[in-house]
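Computed from a predicted structure; not experimentally measured.
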Amino acid sequence: MGCTVIIGTQWGDEGKAKMIDYYSQKADIIVRYQGGANAGHTVVVNGKKHVFHLIPSGILHKGTICVIGNGVVLDPVQLIEECQLLEKEGIDVRKRLYISDAAHLLLPFHKEMDAAMEEARSNKIGTTKRGIGPCYADKCLRVGIRVGDIFDEEYLKERLTTALTVKNIQFERCYNRKGFAFKDIYDLLMQFKSYAGNLAINTPYYLNTEAKKGKNILLEGAQGNALDIDHGTYPFVTSSNPSIGGAIAGSGINPFLIHEVVGITKAYVTRVGEGPFPTEEKGEAGEIIRQRGGEFGATTGRPRRCGWFDMELLKHTIRINGITTIVLTKLDVLSGFEQIKVAVGYSVNGKKIDYFPSAMQDKIVPLYEEHPGWEEDISQCTSFKELPKNAQNYVKFIQDSLQVPISIISVGPDRNNTFEMK
Ligand code: GDP
Ligand code: IMO
Ligand code: MG
């Protein structure tokens, strides 16, 4: 297996967590490489649902080691909560978790700033209000506080004092909100230190050493390529790189060790939050997909916007990330449609284009093809040949158009509702 990267190919919520859990059967180490608790990753095992926001989705496999990489913005309150929940379920999470000492800490003032900025915006992004943008902004401004800083108390005090002085002025003068007390944040950092400080390590050293020993490493992306700060629908994106560059920078893994890049792809498309969505179906069909697919955010509970499969969006993701194999998820949700639409091209201002444009994305007009649907419930299918003919044709059509093999099909939320194409 070597080193495998799992990337969401659309706007997130493609079913990455379910597939990370699946791939974890053969993995030794699973690494979250970017994003933070904006992620909502659902794994269902024997009917029991687990939702992860920060902890890698491979934690349910007893033999695995999970790592929170340097590219993640780590909310200590969320981490403690998630660990406690898992420990209550008998999962020895703190015996199998490492945290990068270079990961940035996402603190209560980042969440408050996210909410304040979103409230003040006339053109809202629809963020998860988990503090993601403000924490990455501090990282880029070089005023962030990193996990490793908690071990040098004098240095930490100095960093926190500087950060709070500026933040509190911003809260009070720009947003008419109360600032934060030094003691409250400092105490939180000390609580985090005593709860999880011993999990902090130099993760690039650890990962590359383990990879050299032959360990199988899975790099777990959050969000999706269309939410990428560089390659997505800017400014309606998240503040990190869910794409391959983020996997390398956010884990510190030697890129030559990566030999598989798996694109998790929903059989239709969803997006939560604002921003361009060329194949969005605002009418009845979108509502049917939302209800059948349970398309409500795992982090915020917001209804997800739903629409048809978008070939151009996928080609864009494949191009940038070097996707070597595709996992097609939620095919079962399309059962019952007489006709299934697929966008096979775009036009912008009356001109056909054969790429996903970086600007004027709200002017994209999708060019559709219709494919005959199928009636049957396919959630119990265990092989490609058990699928109804029209479902087979739909899968083949996607594979042929993308020219990337579809290796696995997911037909239900449970670990078992999965089969390999072979
Ligand atoms: P992630 O963010 O990419 O990990 O995806 P989410 O967990 O946010 O959303 C995917 C949702 O679809 C979850 O509720 C999963 O349990 C569910 N799911 C995953 N794969 C399938 C599938 O093949 N069929 C159906 N019906 N549900 C699925
Ligand atoms: P997973 O990992 C879907 C969206 C938000 C918003 C935009 C910016 O579960 O696929 P942010 O809070 O990151 O600043 O919000 O990004 N968003 C997601 N949408 N799935 C996610 O994660 C998302 N994480 C952020 O809705 O539009
Ligand atoms: Mg999700």
Side-chain angles (χ1 to χ4, degrees), residues 6-10 13-23 25-26 42-47 224 260-270 279 281 284-295 304 306-315 317-318 323-344 368-422:
I6 305 256
I7 290 178
T9 62
Q10 295 146 327
D13 304 327
E14 297 90 350
K16 295 178 293 296
K18 176 190 158 164
M19 296 320 305
I20 286 152
D21 171 73
Y22 187 83
Y23 272 79
Q25 297 171 89
K26 291 187 188 153
T42 319
V43 179
V44 183
V45 185
N46 298 328
E260 196 176 12
V261 185
V262 182
I264 311 296
T265 303
K266 234 181 234 189
Y268 49 93
V269 180
T270 63
T279 61
E281 186 57 66
E284 197 194 348
E287 189 53 38
I288 292 172
I289 295 175
R290 186 174 306 114
Q291 294 306 329
R292 285 196 197 142
E295 296 296 356
R304 295 174 182 151
C306 299
W308 302 112
F309 196 88
D310 185 338
M311 213 60 90
E312 217 49 79
L313 180 71
L314 252 291
K315 287 181 184 169
T317 299
I318 290 166
I323 303 284
T324 54
T325 181
I326 285 177
V327 172
L328 194 67
T329 63
K330 302 194 91 161
L331 187 63
D332 54 300
V333 175
L334 292 179
S335 288
F337 280 106
E338 213 171 297
Q339 294 290 324
I340 298 170
K341 284 163 76 172
V342 179
V344 291
Y368 283 114
E369 250 184 44
E370 291 208 357
H371 288 256
W374 59 92
E375 271 302 316
E376 299 87 330
D377 172 5
I378 59 168
S379 58
Q380 300 312 311
C381 289
T382 55
S383 69
F384 183 69
K385 58 180 190 298
E386 281 176 45
L387 290 176
K389 210 74 227 141
N390 285 347
Q392 290 187 4
N393 289 341
Y394 183 69
V395 173
K396 276 193 209 147
F397 173 69
I398 292 176
Q399 179 170 265
D400 292 347
S401 307
L402 297 177
Q403 295 181 2
V404 175
I406 294 176
S407 55
I408 296 175
I409 295 187
S410 169
V411 289
D414 207 278
R415 206 184 251 176
N416 299 328
N417 305 128
T418 316
F419 58 82
E420 301 197 5
M421 290 285 274
K422 296 222 179 73

By salt bridge (charged side-chain N to carboxylate O under 4.0 Å, His left out) - contacts of Glu287 (at least two apart): Arg290
Strictly distance-based, threshold 3.5 Å: is any side-chain N or O of Tyr394 a donor or acceptor partner for the main-chain N or O of Ala267? yes
Could I get the full list of side-chain hydrogen bond (donor to acceptor under 3.5 Å, both in side chains) partners for Thr279, not counting sequence neighbours? none
Are any side-chain N or O atoms of Lys266 and backbone N or O atoms of Asp13, one a donor and one an acceptor, separated by less than 3.5 Å? yes
Salt bridge (charged side-chain N to carboxylate O under 4.0 Å, His left out) partners for Asp310, two or more places apart: none
Quick one about Thr329 and Lys18 (side-chain donor to acceptor, distance below 3.5 Å, no hydrogens or angles considered), yes or no? no
Straight-line distance of Asn393 CG to Ile398 CD1, nearest 0.5 Å: 11.5 Å
Looking at Asn390 and Gly373, would you say the former's side chain and the latter's main chain have a donor-acceptor pair under 3.5 Å? yes
Around Gln380, counting heavy atoms of other residues, nucleotides and ligands shown, do more than 12 lie under 6.0 Å from its CD? no
Is it true that, when you exclude Glu338 itself, more than 12 heavy atoms of the residues, nucleotides or ligands shown sit nearer than 6.0 Å to its CD? no
Under a 3.5 Å cutoff, is there a donor and acceptor pairing between the side chains of Lys389 and Gln392? yes
Residue set satisfying salt bridge (charged side-chain N to carboxylate O under 4.0 Å, His left out) with Lys330, at least two apart, ordered chain then number -> Glu295
Does any part of the side chain of Phe337, heavy atoms only, come nearer than 4.5 Å to the side chain of Glu370, both counted from C-beta? no
Between Thr418 and Val327, is any pair of side-chain heavy atoms under 4.5 Å apart? no
Taking Ser379 for its side chain and Asp377 for its backbone only, find out whether a donor-acceptor pair lies under 3.5 Å. no
Determine the minimum heavy-atom distance between Tyr22 and Arg415, stating which atoms define it. CD1-O, 4.4 Å
Answer yes or no: is there a donor N or O on one side and an acceptor on the other, between the side chain of Gln399 and the main chain of Val395, under 3.5 Å? no
Could you tell me whether the side chain of Ser410 reaches within less than 4.5 Å of the side chain of Asn417, counting heavy atoms only? no
Please enumerate all residues that pass salt bridge (charged side-chain N to carboxylate O under 4.0 Å, His left out) together with Asp332, with sequence neighbours excluded. none
With sequence neighbours left out, which residue pairs that include part of residues 397-422 fulfil the ring pair (Phe, Tyr, Trp, His ring centres under 6.0 Å) condition? His371-Phe397
